Amino acid sequence: MSKQGLNMKFKDYNDLLNECVNQKSLRGGQRVQAHMIKTQYLPPVYLRTRLIVLFLKCEVLNDARMLFDEMPERNVVSWTAMISGYSRSGFYSEALCLFVGLLRSGTAPNEFTFATVLTSCAGAFMFEYGRQIHALIVKSPFGSNIYVGSSLLDLYAKAGKIIEAQSVFESLPERDIVSCTAIISGYAQLGLHKDALELFRKLHREGMVSNYITYASLLTALSGLAAFEYGRQVHTHVLRSKQPFYIVLQNSLIDMYSKCGNLTYARRIFDNMPERTVVSWNAILMGYTKHGNGKAVVDLYNMMKEENKVKPDSTTLLTVLSGCSHGGIENIGLELFDEMANGNDGIDLGIEHYGCVVDLLGRAGKVERALQFIKDMPFEPNGAIWGSLLGACRAHMNVAVGKIAGARLVETEPENSGNYVILCNLYASEGNWDEVRKLRDLMKEKAVMKEPGKSWIEFGHTLHTFYASDRSHPRKEEVFLKVRELSERVKEAAGYIPDLSSVLYDVDEEQKEKVLLGHSEKLALAFGMISICDAKPIRIMKNLRICVDCHNFAKLVSQVYKREIFIRDKSRFHHIASGMCSCGDYW
DNA sequence: ATAGGGTTAG
């Protein structure tokens with residue numbers, strides 16, 4: 001800026017600032033600002049706002065805020081720019097505070113403001129506040145704006161109100177790829193994977209042109225369904241469509257393949273990535289964790305630290321600890337926890353990380369030490385912690401500690417029926433039938449019906465779903481006969497004894513066995529034995545944790561029929577072959 | 001001038 005620049009006017013400043021915004025030049029903006037001060041030029045609202053936008057773009061939020069606070073007057077664009085700056089950087093509550101300031105100042109928000117502020121509500125989990133803003137929008141002329149609409153439906157979806165989200169989506173005067181992706185991902189994020197997939201297919205038929213965000217959301221749903229064939233089709237399609245291969249999409253592919261049981265494909269994508277984020281590492285680590293491959297988890301974690309390009313986050317640490325536990329390398333896990341707790345990574349450990357240590361100690365049979373650890377830890381133990389300890393007590397038949405954990409669990413989560421089952425088994429093992437009876441009464445009174453158990457299996461490009469004692473499948477007769485046949489055969493050949501203590505209904509023994517044979521994973525297994533060719537392994541998915549009896553049943557089937565079985569339950573993969581399971585019977 | 005949807009974990 002030379003001498004003749006000293007009497008610069010609005011237009012000159014404006015041109016200069018536009019140039020700076022385009023080039024994202026912070027220094028340029030600062031020079032313009034200094035020049036204005038030097039020449040005592042008082043910039044109008046418009047130019048001040050341009051400068052704020054530039055600072056926000058360069059991520060110097062505090063400088064932008066200072067300019068904003070110094071403004072003698074503001075218009076809706078200045079407010080909105082500042083609000084969206086906070087929102088983009090994740091300072092949602094700051095953004096919401098400013099929105100309140102805007103309303104107080106008597107400025108009328110516009111469609112840009114509403115779109116931004118709804119995103120902030122979702123980010124800050126302030127759904128009730130979002131609903132109030134929705135009421136403002138209804139009174140405003142912006143209800144039919146597509147940006148406002150997609151932001152609003154996303155807010156409802158993230159609040160778990162999918163019906164409201166769907167109705168906002170349907171009321172949109174027009175649809176574009178963003179609003180379509182928002183509703184698909186809404187279903188996927190809520191675990192309504194089947195609905196997400198169906199909606200995707202419908203919108204696709206209607207001509208939706210997907211982009212990489214749409215595919216990432218779709219892949220979340222396919223991971224949940226473990227729909228391997230479909231997932232692979234999406235992968236090929238994405239490759240063929242020659243979109244730039246975004247990291248987010250590769251991350252979803254890693255997750256999809258590992259949740260479909262194909263770690264080889266997942267690892268191939270991971271290895272070939274030119275750039276990785278922490279999510280890429282977490283996704284592949286989680287894959288090995290769920291498959292019980294503790295060594296691979298630790299190797300990868302070391303590789304990550306050696307490479308030193310991507311910093312681990314708290315999810316990484318959690319996954320690594322959980323990987324050591326599921327992978328049966330308790331000592332290494334405990335060592336790593338000490339390292340983490342001493343702050344090498346500068347990440348605060350949460351109660352979940354301490355929960356992993358309880359798992360590690362419990363799995364190693366150090367149940368008393370686990371109890372002591374819980375007493376010493378800097379958190380108030382919650383249901384997950386006591387549940388983990390109770391699981392260890394069941395596996396190692398430690399009735400004394402089990403009573404303590406069980407008592408605390410019945411207090412903290414009286415509605416969880418699974419806890420009663422384990423506790424009853426423990427008391428039954430020492431013949432304390434009085435206590436068993438009391439617990440059953442308590443359970444009848446307090447426990448609620450959990451999510452119904454279901455299992456599914458991919459065959460002939462279709463997912464076949466089974467519920468407990470299901471009679472809806474077209475081949476049900478065949479399936480029931482096959483379950484009986486399997487049961488008789490493993491009884492004879494391998495001494496299968498149904499674990500009747502897992503059934504808590506008050507019915508006779510014959511009925512109990514019937515209940516056990518009706519479990520959804522046994523139905524899916526029988527269906528797989530009928531329909532899938534002998535050479536192929538059977539892959540079953542289950543929405544809850546597999547029960548002890550079904551686990552045992554599958555092991556014996558694998559032994560007697562010489563068949564490889566993969567079961568993905570809520571917590572991990574069980575790779576079952578020759579009568580043994582990769583989980584080491586601890587899950 | 002200012003705006004919406006996305007990947008891992010529990």
Side-chain angles (χ1 to χ4, degrees), chain A residues 14 17-18 21 44-54 56-57 74-85 87-88 102 109-120 122 142 145-155 157-158 165 168-169 172 175-186 188-189 210-220 223 246-256 258-259 266 270 276-287 289-290 312-323 350-353 355-356 382 384 570-571:
Chain A
N14 190 33
L17 278 179
N18 278 336
V21 171
V45 179
Y46 185 94
L47 285 184
R48 289 178 194 258
T49 307
R50 289 303 282 160
L51 209 44
I52 289 176
V53 168
L54 173 63
L56 289 173
K57 204 171 172 182
R74 306 180 184 100
N75 60 23
V76 63
V77 180
S78 346
W79 283 101
T80 307
M82 198 62 223
I83 292 172
S84 94
S87 186
R88 275 199 307 268
L102 169 143
N110 63 16
E111 64 271 45
F112 292 79
T113 327
F114 282 128
T116 302
V117 82
L118 288 172
T119 313
S120 308
F142 308 118
N145 178 282
I146 193 161
Y147 287 78
V148 176
S150 32
S151 198
L152 188 60
L153 82 84
D154 181 58
L155 175 93
K158 291 210 166 87
V168 173
F169 179 68
L172 289 175
R175 290 172 185 174
D176 67 358
I177 189 56
V178 177
S179 48
C180 290
T181 306
I183 189 72
I184 293 171
S185 104
Q189 283 171 2
S210 302
N211 61 22
Y212 78 104
I213 300 185
T214 322
Y215 288 124
S217 309
L218 172 63
L219 283 167
T220 304
S223 298
Y246 297 96
I247 298 185
V248 169
L249 190 47
Q250 291 175 306
N251 292 345
S252 338
L253 284 169
I254 293 175
D255 179 58
M256 184 275 294
S258 52
K259 287 202 179 133
F270 178 84
R276 302 184 186 112
T277 63
V278 70
V279 177
S280 327
W281 287 95
N282 293 349
I284 190 75
L285 283 166
M286 185 54 57
T289 293
K290 296 239 172 197
D313 65 4
S314 99
T315 304
T316 317
L317 303 190
L318 191 63
T319 307
V320 170
L321 293 175
S322 160
I351 189 166
E352 303 91 345
H353 300 86
C356 280
N382 57 21
K570 198 174 189 177
S571 81

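Bear in mind that the values here come from a model prediction, so they are computed numbers and not experimental data. Labels below follow one simple rule: chain letters A, B, ... track the order of the sequence lines, proteins then strands, and each chain is numbered from 1.
- As judged by a 4.0 angstrom heavy-atom cut-off over every strand, A:D313 is placed among residues making no nucleic acid contact.
- Under the side chain to side chain donor-acceptor pair (under 3.5 Å) criterion, A:K158 pairs with A:D154, not counting sequence neighbours.
- Contact of the A:T113 side chain with the A:I83 side chain is registered, since non-hydrogen atoms from C-beta on lie closer than 4.5 Å.
- Among the heavy atoms of the strands, none lies under 4.0 Å from A:R175.
- The salt bridge (Lys or Arg N to Asp or Glu O under 4.0 Å) check on A:R48 picks up nothing, with sequence neighbours excluded.
- A:I177 comes within 4.0 angstrom of a base, heavy atoms only.
- Counting any heavy atom pair closer than 4.0 Å across all strands shown, A:K57 reaches no nucleic acid atom.
- Residues passing the ring pair (Phe, Tyr, Trp, His ring centres under 6.0 Å) test with A:F114: none are found, sequence neighbours excluded.
- In this structure, A:E352 reaches neither bases nor backbone, as no heavy-atom distance under 4.0 Å exists between it and the strands shown.
- Base engagement by A:T49 is indicated by at least one non-hydrogen atom pair under 4.0 Å involving a base atom.
- Within 4.0 Å of A:I146, counting heavy atoms only, lies at least one base atom of the nucleic acid.
- Using a 4.0 Å heavy-atom criterion, one finds that A:K158 contacts the sugar-phosphate atoms exclusively.
- A:S280 comes within 4.0 angstrom of no nucleic acid atom, judged by non-hydrogen atoms across all strands.
- In 5' to 3' order, the nucleotides of DNA chain B bounding all contacts with chain A (an atom under 4.0 Å from a heavy atom) are B:dA1 to B:dG10.
- Within the nucleic acid shown, A:N75 comes within 4.0 Å of at least one base atom, counting heavy atoms only.
- In terms of the salt bridge (Lys or Arg N to Asp or Glu O under 4.0 Å) criterion, A:K57 has no residue partners (sequence neighbours excluded).
- Listed by chain and number, the residues in a side chain to side chain contact (heavy atoms under 4.5 Å, CB included) with A:N145 are A:E111, A:Y147, A:V148 (sequence neighbours excluded).
- When heavy atoms are screened at a 4.0 angstrom cut-off, A:Y212 is found touching base atoms of the nucleic acid.
- Using a 4.0 Å heavy-atom criterion, one finds that A:N18 contacts no nucleic acid atom at all.
- A:A216 and A:S252 get closest at one heavy-atom pair: CB-OG, 3.5 Å.
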